[in-house]
Amino acid sequence: MLWTRWLVLLLWWGATSAEQQAEEKEGQRAEVRADPRRQRSPPPVEPLDFGFVPAAVYDTHAYYEPGTIGILFHMVHAFLYMVQPNSFPKDLIVSIIQQNMGGIKVEEWRKPHSDCALMNHLVPLQWIHYESGFLICAVFGVVFVVLTPIIATCFCMCRCCDNCGGEMHQRQRKNADCHRGFFTASLIATTIFIILGVLVAYAANHNISTQIKSTRRLINTNMRDLKTFANNTPVQIDYLTAQYTTAKNKVLSDLDNIGPLLGARIHSHLEKEVVPALDGALRMAGAMRETKEALENVSSALEILQEGTGKLQASLAGERSSLSNTLSDPACTNGAVSPTCNTIRSTLPQLGTNADFSKLPNVNEALTNINTVLKIDLSNIVQKGYASFNDTPAMVKEQTRNIVTGVKSMLDKIGNEINGFSKMFPVESSLANFTIFLNERHKFIESFYPQVDQMDFYRWIACVAVLCTVVLILAFNMLGLLCGTCGYDKQATPTTRGCLSNTGGNLLMAGVGFSFIFAWVLMGLVTTLFVVGGNVEKLICEPLANRQLFKIIDTPFLVHPEKRNFLPGMLFQNPNIDLTLGSMYRECYENNGLYHALQLENIFNINSFLNRTVYNKDLAKVLEGVQVDLRDIMLLDQAGRDNLMNFANSGVGEIDYPVYLAEVNKGVTIVDLLSFCSDLEDQADQLPRGALENALKGHASRIRSIHREQVVPMEQAMVRFTLSQGIKLLQKMSNDLPMKVTNILSAIDAAEYLITQNASHVVKQETKAFVHSLVGYFKQYTDWVKNSLSAEVAQCKPISNMVDSMEIVGCSFIIDSVNTFWMGLGACCILLIPSIVFSVKLAKYYRRMDTEDVFEDGQENWN
């Protein structure tokens, strides 16, 4: 039993830890209920790949298909069901075992003595009722065995007295041919059925020898499977132990990256408030640069426009005066020319400037203030705020450096403890001894193979000899039928029958004699095999096939009134464990692990060990002590704040933008000078050719020159410096500028307050989520160990295969064949009775008589 206990011990180290994790989950739920802010669910834990436990491949296929002989097996089962249709007497057997082994519960002992006595009397009656079918058949067999020799003796004595067909005289009958034909056909049919019975019995006998050879294959495969089980289990245990490194390395990897992981989570949680505030400040820095560019463009354009406006006014005034002088020429007084000159004279006021840029105030003061503001690089200051905030992962890593180092050392210690604990038990040496034991047992079993073969040969010979007695009777019957039928002559009288016919009759009577000699012996053998084989089939094989037998063994308090379960009491000396043989067989049949099948967690519960190692309180305390201080983060220093306020007070908002837009939207001149020139030339063409026409065209040419040299540059300056867009941009930017700056500073203040004052909640929440992910890796490992122990480690299929193999060998190979043998032989014994009757009757028609009936008229009929 030592090796079996080591086999049980080798798996107890791998149980999983569930109690502590359940307490942690309950604590988390309580915290969530206490603080609504903790409703944020933790991120999912990354699944770990522990690979596949090295699987054991078992060779035994505990399945038997009998083939054609299975039809005979079904016939035997049907016959036994008719003999014994009662259900399996589980309660009766349990009561018998309890009475004989003292397994009656204490409550039963307290019952009155009369009740116990009554129960003791009822048990035999119940057993007789259950065995009634077998008893009736056995009584019939015993009666047959007893009466057959007596009847044979009486029959012989009767024939010696010339009775019972012993008189060598045959009386004349008109239907003698019909009688002879009936007896011949009946004997032939009986003989055929006896032959079938002999063949059935011989097939069963041969099947036993054939299947005994197959038993070696089952023994060899079961032994190989047990060796595979013993050799593969240490490898599987080492694999489970080694896979702790997978969880450990993942935890170490996350701890090494605690900055990007935990810090990134904190950063992600805070950036919803921080980043928009910094983005607003950064956008304001861009607005400063855009304001400077717009002011510079406005200032440059205003300078060009003011200078150009003065020159243009002087040029247009001079040209207007010159054109007026030209129109004062006497030629314009001519009646035909006068209307044209008057028309031209009426357009002279249009030669003037429209926009007066000289009265627009300059923006130099605001530009100077903006340049002063831009001497401080606000963008760089904001970028420093970004960098300070984005440095959260590095800050977290730096502040948790000592904790990470401590956790790493604790994980190394845990790994050493697990490896050390798995080496505490001499698993490999125990399994090696178990393998040696299996080899020795296998050799010991193989040493009996020659004896088994020899015993099976003797058994085969004995069964064949028994069948030969029936074959001898069949030989006499068939030879008697053959000789009698062939030698029979219808014309011969009973006293003149031929030698062949007489020999046939004698052979039939010899068969009758041997039938009387062997029938009772054969029936005794059949009865014995029937009682033994039938009860074994009904009480062992059938309950074993439908697992009713396990229910008997698993009956509580079967062997002792204080021992509830038999199997755990035998294995673990603890009968109160809810472990049954049926449950163990089911688990092994499904090829689950031995740890789960034997419920070793009730004996070797290592939850406390895993609680102390894989995720113990010290490790939890260290991880829960993670503290992160973010008060060193500065989003915007005082220089940046002053810079924003100076920008708000730069005077950009004091510029009179509507006046600028009003002048800019006006044209440079009152009328388009090019159109004016074209109209002037058209009107000049209407005048007679002469000095006046040439003078007007000269004025048009000069006006075009003024437009080209003065108006066009001014328009180009307005376009180049995007004066209108710049003014609109400045107007938009300066609108509520102090309020915008105040809002930006308020947002930054709120973000800094969140970081310095309220970040502890965020840090605790994200730290808890980070620790949850680390714990999740250990939980994955323990869950994987649990599932592996339940389904993959030390798969106990060989145990159920051994039970199934014993069922196949004992029931399918042997008992079914034995039952089929007695069924065939019993049919032969029963059929010998009509065979005797028909042989005696038919021999009268074949044997030569001593006397015969004589009629005076000379007519005879012996047919």
Side-chain angles (χ1 to χ4, degrees), residues 60-70 72-73 76-77 80 138 141 145 197-226 437-472 518 520-542 544-545 801-829:
T60 301
H61 299 282
Y63 175 77
Y64 172 61
E65 181 61 42
T68 307
I69 200 173
L72 300 177
F73 292 167
V76 173
H77 294 162
L80 289 175
V145 172
V198 171
L199 293 178
V200 168
Y202 180 79
N205 180 44
H206 182 72
N207 186 67
I208 294 177
S209 299
T210 303
Q211 299 304 334
I212 284 179
K213 294 181 174 63
S214 301
T215 303
R216 300 181 183 180
R217 176 185 59 82
L218 284 176
I219 293 175
N220 293 334
T221 56
N222 276 282
M223 286 296 180
R224 282 200 302 269
D225 289 347
L226 289 174
F437 170 79
L438 290 177
N439 292 329
E440 293 176 353
R441 292 298 93 188
H442 195 188
K443 292 179 180 178
F444 179 75
I445 293 173
E446 288 179 339
S447 65
F448 282 97
Y449 285 166
Q451 300 179 26
V452 171
D453 292 338
Q454 187 178 14
M455 293 173 62
D456 179 65
F457 176 74
Y458 293 152
R459 180 206 56 79
W460 187 87
I461 291 295
C463 291
V464 170
V466 170
L467 295 178
C468 285
T469 60
V470 182
V471 172
L472 178 63
F518 296 118
W520 66 279
V521 178
L522 297 179
M523 182 55 74
L525 178 62
V526 168
T527 302
T528 303
L529 294 178
F530 165 75
V531 173
V532 175
N535 278 285
V536 170
E537 173 66 27
K538 299 297 290 187
L539 295 176
I540 296 179
C541 292
E542 282 189 7
L544 186 60
N801 282 340
M802 290 177 64
V803 175
D804 295 338
S805 298
M806 288 189 292
E807 178 189 354
I808 291 173
V809 173
C811 296
S812 299
F813 288 178
I814 298 177
I815 296 300
D816 283 346
S817 298
V818 169
N819 289 338
T820 304
F821 179 81
W822 63 249
M823 183 184 72
L825 188 60
C828 294
C829 292

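Remember, predicted model here, so these are calculated numbers, not experimental data.
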Residue pair His206 / Thr210, side-chain heavy-atom distance below 4.5 Å: yes
Between Thr60 and Arg224: side-chain donor-acceptor atoms closer than 3.5 Å: no
Spatial distance of atom CE (Met823) from atom CG (Leu80) [nearest 0.5 Å]: 9.5 Å
Min side-chain heavy-atom separation Glu537-Asp816 under 4.5 Å: yes
Taking every non-hydrogen atom, the tightest pair across Leu529 and Asn819: O-OD1, 4.4 Å
Exceeds 12 heavy-atom contacts within 6.0 angstrom, atom NE2 of His442: yes
Rounded distance (nearest 0.5 Å) linking atom CG of Asn222 with atom CZ of Arg217: 9.5 Å
Pairwise distance CD1(Ile208) to CZ(Phe813) - rounded to 0.5 angstrom: 11.5 Å
Within 6.0 angstrom of Met802 CE, more than 12 heavy atoms from elsewhere: no
Aromatic ring pairing Phe444/Phe448, orientation class (parallel under 30°, perpendicular over 60°, tilted between): perpendicular
Phe73 and Asn207, any side-chain heavy atoms less than 4.5 Å apart: yes
Test log, rule side chain to side chain contact (heavy atoms under 4.5 Å, CB included), inputs Ile808 and Tyr63: CA-CA 8 Å; Ile808 291 173; Tyr63 175 77; 5.6 Å; no
